[in-house]
Amino acid sequence: MKSFLLGIWSRCVRLTVRWPSVVAIAPFILLIAVWWIVTEMQIFPRVFLPGPVDVVHSFGSLVYTGILPEYLQDSMVRLAVGAFWGIAIGIPLGMLVGLSSRAHTALWPPLLFFQAIGDIAWLPILVIWFGYGLTTVTVVIVYTVIFPVILNTVLGVRSIPITMYRAAQSLGASRTRMLWEVVLPGALPSIMTGLRNGLGYGWRALIATEIIVGTSGIGFLMFDARRAGSVVEILLGMIILGILWYIVDGWILAPIERATGQRWGLVTR
């Protein structure tokens with residue numbers, strides 16, 4: 001028995017060395033197996049806890065009817081628009097606060113004040129101002145994304161060694177070249193960290209906003225399923241949210257952040 005278990009373990013080790021992605025998938029396989037066993041044992045009624053097969057059938061049905069692709073597209077477009085404006089405003093504002101002591105004195109207290117106000121707390125007044133529509137969702141996402149971007153940009157700018165500025169000045173660099181060749185590259189790793197955190201918060205804010213004020217999207221799909229008592233669609237929405245963010249963060253944002261840090265010597269390979 002011991003040799004049999006050792007043989008299985010050695011095969012697993014060789015498999016993970018050959019295909020490292022198996023390490024990331026293995027916990028989910030175990031989770032799905034436990035989920036399937038619990039549902040097959042009928043510890044809970046299927047109406048309250050559907051099985052993995054039921055979720056797959058629901059996925060196929062919603063894709064076939066076109067509901068899921070349409071709602072998924074709406075959510076991704078909203079996130080992209082909100083993230084774009086959050087980044088477009090957050091990075092220049094963070095650079096200004098980080099470089100100017102006057103701007104830091106004037107803007108830092110309001111930034112900390114508004115950061116403490118949760119994005120969802122703005123929903124009642126935003127609904128009064130803009131109604132139930134794309135504008136309200138976009139403003140919430142921008143508000144959520146912008147603060148991690150600003151604060152990390154300020155941190156990155158203020159973390160640049162003074163010797164870097166002096167070296168550039170001694171070589172005759174203008175203010176514009178100083179900004180593009182010293183400040184921005186030096187702050188870029190922190191900016192990428194803020195971008196990654198901001199998009200993560202924005203993704204959660206998007207779903208919460210769609211649940212409360214949305215008329216489409218994955219969040220609205222889950223909330224609308226609640227009205228019909230369809231737990232299977234709620235579980236499907238949760239799984240889709242987790243998979244999408246795992247792909248975006250693990251396959252796109254994290255490699256970019258890691259490559260940025262490696263490029264500027266903050267971490268080693």
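A donor-acceptor pair under 3.5 Å is absent between the side-chain atoms of S61 and the main chain of H57, judged by distance alone. Checked by atom type and distance alone, the side chain of E233 never pairs as donor or acceptor with a backbone atom of S58 at under 3.5 Å. In this structure a side-chain-to-backbone donor-acceptor pair under 3.5 Å is present from T136 to G131. With hydrogens and angles disregarded, no donor-acceptor distance shorter than 3.5 Å links the side chain of S190 to the backbone of L155.
Residue W36 qualifies as open at atom CH2: its count of foreign heavy atoms under 6.0 Å is 12 or below. Enclosure of atom CD in Q42 is not indicated, since only 12 or fewer non-hydrogen atoms of other residues, nucleotides or ligands lie within 6.0 angstrom. Within 6.0 Å of the CH2 atom in W245, the count of heavy atoms belonging to other residues, nucleotides or ligands exceeds 12. Applying the 6.0 Å contact sphere to CD of Q115 captures more than 12 heavy atoms from other residues, nucleotides or ligands.
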Evaluate the criterion side-chain contact (heavy atoms from CB on, under 4.5 Å) for residue pair I150 and L111; output intermediate values, then yes/no. CA-CA 9 Å; I150 291 176; L111 286 173; 3.8 Å; yes

Under the side-chain contact (heavy atoms from CB on, under 4.5 Å) rule, what do V137 and L206 come out as? Steps first, then yes or no, please. CA-CA 7 Å; V137 178; L206 167 66; 3.7 Å; yes

The test is side-chain contact (heavy atoms from CB on, under 4.5 Å); show your working for V157 and V183 and say whether it passes. CA-CA 6 Å; V157 171; V183 178; 4.0 Å; yes

Check step by step if side-chain contact (heavy atoms from CB on, under 4.5 Å) holds for R227 and D224. CA-CA 5 Å; R227 298 175 183 175; D224 193 52; 3.8 Å; yes

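Distance check: I234 CD1 to S230 OG gives 7.0 Å after rounding to the nearest 0.5 Å. Interatomic distance, CG of L221 versus CG of L68, reported as 7.0 Å (0.5 Å rounding). Between L49 atom CG and I43 atom CD1 the span is 9.0 Å, to the nearest 0.5 Å. Atom CD1 in I218 sits 7.0 Å away from atom CH2 in W203 (nearest 0.5 Å). Rounded to the nearest 0.5 Å, atoms CG (L188) and OG1 (T193) are 9.5 Å apart. In this structure, CD1 in I120 is found 11.5 Å from CZ in R204, a value given to the nearest 0.5 Å.
Between L241 and M222, some side-chain heavy-atom pair lies under the 4.5 Å cut-off. Taking 4.5 Å as the limit, every side-chain heavy atom of T138 sits out of range of all side-chain heavy atoms of T135. Side-chain contact check for S216 versus R78: some heavy-atom pair is nearer than 4.5 Å. Y201 is not listed as a side-chain neighbour of D119, based on a closest heavy-atom distance of 4.5 Å or more. Residues D54 and T39 fail the side-chain proximity criterion, which asks for heavy atoms closer than 4.5 Å. Considering only heavy atoms from C-beta on, V139 comes within 4.5 Å of F130 through its side chain. The shortest distance between side-chain heavy atoms of L253 and L199 falls below 4.5 Å. The shortest distance between side-chain heavy atoms of V127 and Y132 falls below 4.5 Å.
Both cation-pi conditions hold for R226 and F223: the charged atom is under 6.0 angstrom from the six-membered ring centre and inside a 45 degree cone around its axis.
Here the shortest heavy-atom pairing between T153 and G94 reads CG2-C, 3.6 Å. Residues R158 and V97 share a closest heavy-atom pair of NH2-O, 3.9 Å. When all heavy atoms of L235 and P50 are compared, the pair lying nearest together is CD1-CD, 3.6 Å. Residues I146 and G86 approach most closely at CG1-O, 3.8 Å, considering heavy atoms. For the residue pair A187 and G156, the shortest heavy atom distance occurs at CB-C, 3.7 Å. P124 and A121 get closest at one heavy-atom pair: CD-O, 3.5 Å.
F220 and L134 end up in different hydrophobic clusters when Ile, Leu, Val, Met, Phe, Trp and Tyr side chains are linked at under 4.5 Å. Linking ILVMFWY side-chain heavy atoms closer than 4.5 Å, directly or via other members, places L244 and V77 in two distinct hydrophobic clusters. Residue F113 is grouped with residue V140 when hydrophobic side chains (ILVMFWY) are merged at heavy-atom distances under 4.5 angstrom, including chains of intermediate members. V232 is not connected to V53 by any chain of hydrophobic side-chain contacts under 4.5 Å among Ile, Leu, Val, Met, Phe, Trp and Tyr, and they are in different clusters. Hydrophobic clustering, with ILVMFWY side chains joined whenever heavy atoms are under 4.5 angstrom apart, keeps V81 apart from Y71.
Classification of the Y143-F147 ring pair by plane angle, with boundaries at 30° and 60°, yields perpendicular.
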